[in-house]
There are 2 protein chains.
Amino acid sequence: MEMAKQGGKRVGAGRPKGTNQYGETTKPVRVPISKVDRVLRFLREREDELPLYGHSVPAGFPSPADDYAEGALDLNTYLVREPTATFFVRARGDSMLGAGIHDGDLLVVDRSLEASDGKVVIVSINGELTVKRLRQAKGETWLIPENPDYPSITFQEQDDTHLWGVVTNVIHSL
Amino acid sequence: MEMAKQGGKRVGAGRPKGTNQYGETTKPVRVPISKVDRVLRFLREREDELPLYGHSVPAGFPSPADDYAEGALDLNTYLVREPTATFFVRARGDSMLGAGIHDGDLLVVDRSLEASDGKVVIVSINGELTVKRLRQAKGETWLIPENPDYPSITFQEQDDTHLWGVVTNVIHSL
DNA sequence: TCCATTGATTATTGTTACATTATTCAAGAA
DNA sequence: TTCTTGAATAATGTAACAATAATCAATGGA
């Protein structure tokens, strides 16, 4: 059977612009093979803009998939200001309960911040990592636990004592 | 002045493999224009593998730039199991101090988890978001604050009460 | 002999090109 | 009218390319 031609102008025909999955134009970026899947997940799940809600709720029952009335939050950007100077430490014990640090919490530590008076810091004492609050007074530097059951120590009284960085955030799992 | 030719074989010459910034081959991936910079930062700063240290310290004074003795951690993967069902809420007040939730803390909430007995949940009561611990007993459902100064309420006694999700993590800033 | 210069050689890199797929439009057919 | 089919155009994944980077070895001068 012969097919008849179906010619003629098709003004305005064709796939409309912006009908891709992102709603905007894309461009190729070189990604190391091992990170391709991670980057695709990053883009697919929009991990850099998860919804943030405040205290009041919009009318009805808003969905996280909606546009976020209270804004979007990027966890990495929020928690890590200086990626090359940031690391994590697992907290142990309850010597810093007063600062909201529980046993097993994950601490975000920034080495680029200045460890000034009052900051919560990570120090290694004889090969052991501990969390303490730094106090500088009368020319002396003290490491003070936030729990009266534990003793304070001076920074200099230990031989192998190194200041690792300043704790910026505490991540507590429920 | 005429340059003399400098011919001959160059066996083994050329830029060695693996001398790129990632140490492995790359391939182009299409990225929406607005996310290009974010993806490049993600790759440059290796945000998906920041170092995690335990309690003991390797010999000397290890640098976060070294290979990570205790492993690497991806904040997004660690905190967000179900990206499409996850959102954040800013906590207010001290009604959940006992659960380690302080005023101003950022709560990670997962809507896909089942709100069973004992879980800390986010509920909206008459348009206000609150954090409470869920208790199911004797056929009744209670919302219990983790602070004796606050009253418990039953889940059904409010008209406009919606369960939003289960709190999985608390992010506390110092 | 020793080493700086210089072209040869090969990988990296950012971008363009392209073939395939997806999506919508409208002329004909039924 | 409604359905079918080809036309039109954007999206998509990847190949290709030109420019750059990094290393090797022959040459030639000190």
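Below, chain A is the first sequence line, B the second, and so on; all start at residue 1. Just the heavy atoms: all of them, side chains too, but no hydrogens, waters or symmetry mates, feed the values below.
- Along DNA chain D, the nucleotide nearest to B:Arg30 and the one nearest to A:Arg30 differ in position, and the one closer to the 5' end is contacted by B:Arg30.
- Ranked by how close their nearest DNA chain C nucleotide is to the 5' end, B:Thr19 and A:Val29 are led by B:Thr19.
- Not one side-chain nitrogen or oxygen of A:Gln21 sits closer than 4.0 Å to the OP1 or OP2 atom of C:dA22.
- Comparing A:Pro16 and B:Gly18 along DNA chain C, the residue whose closest nucleotide (by nearest heavy atom) sits nearer the 5' end is B:Gly18.
- Remark: A:Lys27 is in phosphate contact with C:dT15, judged by side-chain N or O atoms under 4.0 Å from OP1 or OP2.
- Counting to the nearest Å, the C1' atom of C:dT13 and the CG atom of B:Leu40 are 12 Å from each other.
- For the pair A:Asn20 and D:dT12, the criterion of a side-chain N or O lying under 4.0 Å from OP1 or OP2 is met.
- Comment: A:Arg92 does not engage A:Asp103 in a salt bridge, judged by the lack of any side-chain N to carboxylate O separation of less than 4.0 angstrom.
- Using cut-offs of 30° and 60° for the angle between ring planes, the A:Tyr53 and B:Phe87 rings count as perpendicular.
- Annotation: the span from A:Asp48 atom CG to B:Glu47 atom CD amounts to 10.0 Å, rounded to 0.5 Å.
- For the pair B:Ile33 CD1 and D:dT12 P, the interatomic distance rounds to 13 Å; values are reported in whole Å.
- Between A:Tyr22 atom OH and C:dA22 atom C1' there is a gap of 16 Å when expressed in whole angstrom units.
- The interatomic distance linking A:Glu24 (CD) with D:dT12 (P) rounds to 11 Å, in whole Å.
- At a threshold of 4.5 Å between non-hydrogen side-chain atoms, the residues A:Arg38 and B:Phe42 count as touching.
- Side chain of B:Arg15, nearest nucleotide from C:dT23, C:dT10, D:dT12: C:dT10.
- Among the atoms of the strands shown, base atoms are found under 4.0 Å from some heavy atom of B:Pro28.
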